[in-house]
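Read the structure below first, then the notes.
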2 protein chains.
Amino acid sequence: MTSPVITTREKRRQASWTQDPEGVRRNILEVARAEFVENGLSGARVDDIAAKTATSKRMIYYYFGDKEGLYRAVLETMYEGIRSFERSLDLGSLPPVEAMARLAEATFDYHVENPDFVRMVMVENVHHARNLKASRTIAGLNSSVVEVTRNIYERGVAAGLFQPGLEPLDISLTISALSIYNVSHRATVGQVFGYDMCTPEALARRRSMTVAAVLGMLRR
Amino acid sequence: MTSPVITTREKRRQASWTQDPEGVRRNILEVARAEFVENGLSGARVDDIAAKTATSKRMIYYYFGDKEGLYRAVLETMYEGIRSFERSLDLGSLPPVEAMARLAEATFDYHVENPDFVRMVMVENVHHARNLKASRTIAGLNSSVVEVTRNIYERGVAAGLFQPGLEPLDISLTISALSIYNVSHRATVGQVFGYDMCTPEALARRRSMTVAAVLGMLRR
DNA sequence: GACCAATTGAACTAGCCGGTACATTTATCA
DNA sequence: TGATAAATGTACCGGCTAGTTCAATTGGTC
């Protein structure tokens, strides 16, 4: 179904080649993602991206128009990823406290496992989310995580377990803040405090503190 | 004592001018800060910075060596700012719970009031803290916030108010995460959720939730 | 197998951008 | 006041960088 990705090694340098739009597109996106994540939008070089693909710079412009178009396409794949993660959450059957803990843990884990997403979001924030705004695709991908949170929260309030009067969105943002920080600020925290937040031990500690903070904030 | 900052307007375009090393340096740093904060390291243009100063590009290289040297100098002023803030904290006389709440609030407020610092830290993380590492100046500016946190925490544990066994650094990082997020992720959150985290009302909510989360996590 | 649209390649370019050469003016101080 | 060092201005450059031109090849269609 999906055509095989063309690796850099097997570059088709002969006079003859086989058409493979899907593969070329995917190959460019993969390389571009690595470059944008590593160097940011302005820091990434189209020539470098092209050199690392199995194809040429010409194809980047053919498929993505310009550098920002390519960046936007990468951004879109990232947001598709987290939306898909959010949809996969199935916490309706768990009791409120367990569900909320599980939500926090899953969110935490997602960010740890997807540093590229985290870095891309950082880059995008440096640019005031200009490309996020410009993407019709991402606009259509509305987040379901707030509704998930609302459901759990309201069940908890009804059961007398959580204190009432809070905004589900704020709860969501708190979880997000505690999850993303470990990855996004790994470098500066590592340098300033001589502490790597991403070792397995550090992550385990930070994970349980995240759950404790979220539940502690909700408990009445 | 400090010479007046030369504004862009009163550029000295005459054949004669007065020397003002301090002023020129400061003027360049101010302009550079705005540009780096707005565009990042690779996004900022030395020509643009020069054009917005009262002096010329020549002086940037005279005083700061190269673009990265200028960036590093800006970064250093930022870290001097937060270290100074940390030293100004005087929470030893407050009871543990109040002191911890006050620490969280003050940290929260500092980030809200210093978005330039927050953005600079973001940019620096995109670059894997390369320039932070390179700065001897910042290395000498060790953070006192962990010791402040440790003091409060240990008093709280001794008083039977906080649960024992936690790392002061982790508590610090939790406060930091919850404080910085509102500013650093304002753009993407604003776009994705249609929610501006930096309105006075939103900040008030997020501020009290931050305190609640931190205390909730510590309470035994 | 001839035609056409989609896809790909190689070489090229205009302008930007970090950095510099060189000359000149201002302050310091003996 | 003259010599020296520090500070500043003007003009310039070489390489990089996003984007393009022009042409060729491929695959499907009738």
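Numbers restart at 1 for each chain; the letters A, B, ... are given by sequence-line order, proteins then strands.
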Assess the side chains of Glu35(B) and Tyr71(B): does a donor N or O sit below 3.5 Å from an acceptor N or O?
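There is no such pair between these side chains.
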Strictly by modelled atom types, are Ser172(B) and Thr149(B) linked by a side-chain donor-acceptor pair under 3.5 Å?
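Side chains of Ser172(B) and Thr149(B): pair found under 3.5 Å.
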Please list, by residue number, the residues of residues 57-66 of chain B whose heavy atoms come closer than 4.0 Å to an atom of DNA chain C; answer none if no residue qualifies.
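Those residues are Lys57(B), Arg58(B), Tyr61(B), Asp66(B).
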What is the distance from [atom1] of [X] to [atom2] of [N], rounded to the nearest Å?
X: Glu68(A); N: dT17(D); atom1: CD; atom2: P; value: 17 Å
X: Glu22(A); N: dT8(C); atom1: CD; atom2: C1'; value: 16 Å
X: Asn27(B); N: dA7(D); atom1: CG; atom2: C1'; value: 15 Å
X: Lys67(B); N: dC16(C); atom1: NZ; atom2: P; value: 15 Å
X: Asn39(B); N: dC17(C); atom1: CG; atom2: C1'; value: 14 Å
X: Asp47(A); N: dC16(C); atom1: CG; atom2: C1'; value: 14 Å

OP1 or OP2 of dA18(D) versus the side-chain N and O atoms of Arg45(A): is any pair under 4.0 Å?
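Yes, Arg45(A) has a side-chain N/O under 4.0 Å of OP1/OP2 on dA18(D).
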Cationic N near anionic O, under 4.0 Å, [X] to [Y]:
X: Glu86(B); Y: Arg83(B); value: yes
X: Arg150(B); Y: Glu147(B); value: yes
X: Glu105(A); Y: Arg102(A); value: yes

Out of dA18(D), dT10(D), dG18(C), whichever nucleotide has its closest atom nearest the side chain of Ser56(B)
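The closest nucleotide is dT10(D).
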Would you say CZ of Arg119(B) has more than 12 non-hydrogen atoms from neighbouring residues, nucleotides or ligands within 6.0 angstrom?
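Check passes, neighbour count above 12.
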